[in-house]
2 protein chains.
Amino acid sequence: MGMGNLTSTSDDILACARSLIVAGGYNGFSYADIADVVGIRKASIHHHFPSKLDLVRTLVARYREEAKAGVAKLELQVSDPLDQLRFYVGYWEACIADASAPFCVCALLASQLPVLPEAVGLEVRAHFRFLSEWLTSVLERGMQQGQLRLTSSPRAEAEAFMATVHGAMLSARAYGDPKIFAVVTGQLLVRLALRIPCDESHEAQ
Amino acid sequence: MGMGNLTSTSDDILACARSLIVAGGYNGFSYADIADVVGIRKASIHHHFPSKLDLVRTLVARYREEAKAGVAKLELQVSDPLDQLRFYVGYWEACIADASAPFCVCALLASQLPVLPEAVGLEVRAHFRFLSEWLTSVLERGMQQGQLRLTSSPRAEAEAFMATVHGAMLSARAYGDPKIFAVVTGQLLVRLALRIPCDESHEAQ
DNA sequence: GACAGACTGCCTACTAGAAGGTAGGTATGG
DNA sequence: CCATACCTACCTTCTAGTAGGCAGTCTGTC
């Protein structure tokens, strides 16, 4: 077929697999699960993605592309470094609140890295590096503009930022309470913004 | 048999299952995997733990007991709140560095909570609550003693602390580099300790 | 102290179902 | 006519879990 459907079957498969991975990781779903949801047969999935490895590698690669596109768009639309961080955190806050995608695919897969096919592991690692580098650049710029005050190097602070966001996703899931994500990440932002002078003592949400 | 072996077979099974879960989660291992490592047959594992649910529930329950015992011991041996946090972080730093247990069992299981048997999920959630409450009490005491200066409530700060530690485990695994854990958690401790006055500007590692 | 019975730990052998994957067919449309 | 998309039917291997046997060990009773 010459395409035409705005959402092709292979897109449906990828979207379904993504949400299944977000729920239970690489070994937490099967082709049968996808077939049930998408409404096709197992064999048809193999037509689009010969092996599970192909499916997940493609899925993560696409996820990374979307992340890169999202960041690029953010860089264009929002110039203020602190606002960029706010936007990034707010994006996840919304995803977690409406349960549409309550976890980062790569963060979840990273937790099971030892049992992942190597090709997938490499994609996952690449996402971490990308995110870390972007956050580093944002923090660096915020520092140079005197808007953010860091207590250690931009790189180290970026790693801490990323780790805290991932940990906040985990806690929100563990407690079954989306609000905990905002509680944790809110402090992150306040802490970075607070450091403008060293005068009055704000109280964080 | 009247016991006697310091390490019984069921202990071996639990220890093996724990390390397999740390590597790949609930669906990342099978009875066959355990049988291979422990050197018994699959059916013998069912003799000790009728179902996988039994095995993992027991394993997590024991893990929680160990954690509680560890914290109780820490409370006895170390009185200084900041030192307690240092010790806690140092414990994990060592586990990650020597790859003996490079992830918290409950943190890993929490990431797959949606596909976990409910009984296991409840144990996992209970661990998060326990850890959060302990950290809250430590931060609260440190604040009262004027040793730690918090920017938000002890509870919120405890959640952020826990999230950052878990996220640091994840990053260490994603990068395949134990050092990243220390880089992230080091800032956590410095930040809490730094806040004694609001005078000079230290530069963290 | 001998002995039956129960219990424990582990075994071989098996099951039903689910896993990922293949072979080969059919309908459709450029 | 050929490629795409999907199908039915099948295969192999792995999955958790079961049935039943066998050797040792602990216990109570004579």
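Numbered from 1 within each chain, the chains take letters A, B, ... in sequence-line order.
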Problem - Options dC6(D), dC10(C), dG21(C), nucleotide nearest the side-chain atoms of His47(B) - result: dC10(C)
Problem - NZ/NE/NH1/NH2 to OD/OE distance under 4.0 Å, Asp11(B) and Arg62(B) - result: yes
Handout entry: Phosphate-side-chain proximity, Ser44(B) and dC11(C), N/O vs OP1/OP2 below 4.0 Å
Key = yes
Fill in the blank from the handout: Rounded to whole Å, CD1 of Ile34(B) lies from C1' of dC14(D) at a distance of 15 Å
Handout entry: Whole-Å gap separating P (dG9(C)) and CD1 (Ile45(B))
Key = 15 Å
Practice task
Give a yes or no on whether the backbone of Phe130(B) and the side-chain of Lys68(B) come within a donor-acceptor separation of less than 3.5 Å.
Solution key: no
Practice task
Taking the side chain as every heavy atom from C-beta outward, state whether Leu131(A) and Tyr88(A) have any atom pair closer than 4.5 Å.
Solution key: yes
Practice task
For a side chain to side chain contact (heavy atoms under 4.5 Å, CB included) with Phe128(A), tell me which candidate from Glu133(A), Met162(A), Glu159(A) qualifies.
Solution key: Met162(A)
Handout entry: Backbone N/O of Thr151(A) and side chain of Glu157(A): donor-acceptor pair under 3.5 Å
Key = yes
Problem - Sequence-aligned protein contact record of nucleotides 22-27 of chain C, with B where the base is within under 4.0 Å of a protein heavy atom and S where only the sugar-phosphate is - result: BB----
Practice task
Measure from the side-chain heavy atoms of Arg41(B) and tell me the nearest of dG20(C), dG9(C), dC11(C).
Solution key: dC11(C)
Problem - Arg57(B)/Glu123(B) ion pair, N-O < 4.0 Å - result: no
Exercise for the section: Please tell me which of the listed nucleotides, dA16(D), dG21(C), dC11(C), lies nearest to the side chain of Ile40(B)? Expected result: dC11(C)
Problem - Interatomic distance, Asp54(A) CG vs dG20(C) C1' [rounded to whole Å] - result: 12 Å
Practice task
Write down the distance between CG (Asn27(A)) and P (dA19(C)), rounded to a whole number of angstrom.
Solution key: 11 Å
Problem - Thr9(A) side-chain N/O to dA5(D) phosphate OP1/OP2 under 4.0 Å - result: no
